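Reviewing the structure listed below.
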Protein chains: 2
Amino acid sequence: MKDVAARAGVGLKTVSRVVNGEPGVTADTERRVREAIGALGFRRNDSARILRKGRTASIGLVLEDLADPFYAPLNRAVEEVARDHGALLFNGSSAEDADRERELALALCARRVDGLIVIPAGHDHRYLEPEMAAGVATVFVDRPAGRIDADAVLSDNFGGARDGVAHLVAHGHRRIGFIGDRPTVHTATERLRGYHAAMDAAGLPADDSWISLGPTAPERVTAEAERMLTGPRPVTALFTGNNRVTATVVRVLARLPRPVALVGFDDLELADLLSPGVTVVAQDAARLGRTAAELLFHRLDGAGEEPRQVVLPTRLIVRGSGEVGP
Amino acid sequence: MKDVAARAGVGLKTVSRVVNGEPGVTADTERRVREAIGALGFRRNDSARILRKGRTASIGLVLEDLADPFYAPLNRAVEEVARDHGALLFNGSSAEDADRERELALALCARRVDGLIVIPAGHDHRYLEPEMAAGVATVFVDRPAGRIDADAVLSDNFGGARDGVAHLVAHGHRRIGFIGDRPTVHTATERLRGYHAAMDAAGLPADDSWISLGPTAPERVTAEAERMLTGPRPVTALFTGNNRVTATVVRVLARLPRPVALVGFDDLELADLLSPGVTVVAQDAARLGRTAAELLFHRLDGAGEEPRQVVLPTRLIVRGSGEVGP
DNA sequence: CTGAAAGCGCTTACAG
DNA sequence: CTGAAAGCGCTTACAG
């Protein structure tokens with residue numbers, strides 16, 4: 001910028017005016033500055049600008065896995081809102097590891113992102129308190145923050161699971177299995193709560209052997225599904241706790257001679273084309289992302305109200321697999 | 001930092017040493033500095049650090065659509081490599097719009113990202129020449145750069161499509177349709193070239209009415225598939241140019257009384273569970289991302305060789321739909 | 001082992 | 001309409 005000013009024979013401030021389109025520069029001066037910018041290949045350094053201005057016009061998104069198709073629409077929705085507000089988006093995966101989540105979130109704070117959207121992997125977010133106190137707007141999404149009071153945007157995991165299981169009950173099932181993610185994952189336990197609520201409401205017992213929470217690795221899920229489907233009192237229907245579990249269970253059921261009822265949490269691509277089509281409780285991932293990002297920018301605009309918890313509805317999509325009788 | 005130094009009764013440089021873990025500080029001094037950092041809630045400002053040091057330890061990824069499941073594993077692979085190199089990742093979608101691509105890429109350059117990975121939407125990347133000359137390492141992925149000489153990592157679109165169509169020919173088909181993305185998309189025309197190569201190699205004519213390039217909106221793809229499958233000389237097999245087209249055509253074929261052969265470019269989740277399973281030419285999206293990111297950091301480490309074009313192989317996955325006879 | 005001075009490349013607040 | 005000075009929060013290069 002100093003070189004541009006020298007070449008154009010003007011002061012630094014005049015170059016700054018031209019670069020930022022500020023008024024108060026004659027056409028002739030502006031032309032000389034632009035010529036110098038072109039000749040010297042000048043490009044404004046936003047790092048310096050940021051240092052002086054305070055706000056970085058960037059936000060960070062920490063999610064579980066950038067490669068998980070469930071989070072892709074959420075990611076895009078956050079980006080669109082950020083773009084509407086002139087902000088750039090950093091993002092990264094926690095890989096479901098609390099230490100990695102913290103490391104990433106703090107690295108983003110050190111870059112002085114204006115705000116942070118976090119899909120938590122850990123259960124203790126007190127490490128973010130100094131950052132939040134220093135003004136980093138923070139919104140949690142998909143799962144609530146642990147041990148701090150903060151904004152959160154969630155799906156109605158309890159209600160969605162309850163409705164899905166009630167749907168199976170309505171189709172005559174009395175022995176229904178539940179296979180979900182590890183019990184440390186908030187959504188897994190909420191959905192299990194929904195399962196119990198539906199069984200209780202129907203006056204049905206929920207045998208311990210019908211419930212399995214754990215890693216979503218295909219080997220474990222396959223073994224558990226096969227176990228529940230055999231033995232003296234096999235289940236006649238399964239409720240699966242997320243998209244990865246559902247995909248694996250669909251594969252197990254495809255190998256069986258008789259159809260077994262299935263309702264899954266989360267929608268899947270092509271689920272309508274299987275026979276039978278897979279009945280699911282769908283979340284609106286894009287809406288989760290959009291809502292969280294809008295709340296974040298609302299805070300950035302100075303809204304100092306109490307932390308808010310927003311719960312978005314789920315939707316039961318009937319396609320056939322959930323309507324198979326016992 | 002000034003406040004920390006004052007409170008600890010030391011100089012600025014000593015605070016800097018403690019914060020960065022540099023040697024040459026007595027245990028007692030370090031303790032006093034740490035106490036002051038804690039009491040004042042000091043957090044190092046990386047914007048200032050970056051301004052002084054030159055490198056920002058961040059890279060940018062411009063892709064077509066963060067929500068497209070095809071790009072999700074690519075995104076994650078880039079992130080992992082960046083993380084291994086201690087860099088943070090910015091990303092954003094061009095939404096297949098050349099202006100938006102340029103706007104985003106230049107915004108990232110203004111933030112002084114060390115490098116840029118671009119899935120191009122436009123066909124003229126001369127706008128990046130000043131940035132590249134100024135030292136921003138740039139690698140294109142999935143499609144080559146337009147009108148500039150630059151590193152690129154691509155799938156073997158030509159060879160993959162040729163093999164897929166040859167597979168249909170080997171199963172007895174003589175009238176094969178091709179439905180792909182718009183002719184402005186590099187991968188679409190390369191795959192069409194592969195189609196022609198396979199037809200020519202088999203001595204088969206390729207009727208113009210069997211070929212359709214255009215938007216991948218379901219309405220258009222459905223209409224084109226139905227048109228090719230009816231009339232006096234209907235095709236007996238279809239080759240689809242990408243994941244979105246394949247998903248739509250699978251829906252069309254599911255409604256037909258007789259099975260029609262299909263091979264698609266790009267793999268789909270659950271494709272193995274449809275009946276018949278969908279035979280595809282699969283790309284390794286994660287490997288595309290990993291290779292591009294590794295090439296980028298190789299350049300950042302000072303490799304000044306000529307721009308390089310890397311072509312990764314595709315893989316034919318046989319599942320049933322491509323083995324249906326005419 | 002420790003620190004004062006200069007500077008990274010901008011913008012702010014002011015004066016003319 | 002234009003510009004000189006100060007400063008954002010760090011690190012670099014030196015000196016002691």
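Quick note on labels: first sequence line is chain A, next is B, and so on, each numbered from 1. This is a predicted model, so every value here is computed, not measured.
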> In chain order, what residues pass the side-chain contact (heavy atoms from CB on, under 4.5 Å) check against A/R102, with sequence neighbours excluded?
Replying inline: A/D99, A/L106, A/Y127
> Between B/F140 and B/H125, what is the ring plane arrangement, given parallel below 30°, perpendicular above 60°, and tilted in between?
Replying inline: perpendicular
> Which letters describe nucleotides 8-16 of chain C, given B = protein heavy atom under 4.0 Å from base, S = only from sugar-phosphate, - = neither?
Replying inline: BBSBBB---
Does a side-chain heavy-atom distance below 4.5 Å link [X] with [Y]?
X      : Y      : answer
A/E64  : A/E101 : no
A/D181 : A/T187 : no
B/R299 : B/R308 : yes
B/N75  : A/N75  : yes

>> Taking only side-chain N and O atoms of A/T14, does any of them lie within less than 4.0 angstrom of OP1 or OP2 on D/dG3?
In response: yes
>> So if I apply the salt bridge (charged side-chain N to carboxylate O under 4.0 Å, His left out) rule between A/D46 and each of A/R43, A/R49, A/R44, which one comes out positive?
In response: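 With A/D46 as partner, A/R43, A/R49, A/R44 yield a single salt bridge (charged side-chain N to carboxylate O under 4.0 Å, His left out), made by A/R44.
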> Which dot-bracket notation, 5' to 3', represents the base pairing of DNA chain D when pairs are defined as Watson-Crick or G-U with both distances under 3.5 Å, crossing pairs as [ ], and inter-strand pairs as |?
Replying inline: |||.||||||||.|||
> Between the side chains of A/S93 and B/E79, does any donor sit under 3.5 Å from an acceptor?
Replying inline: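 Yes, because at least one side-chain N or O of A/S93 sits under 3.5 Å from a partner of the opposite role on B/E79.
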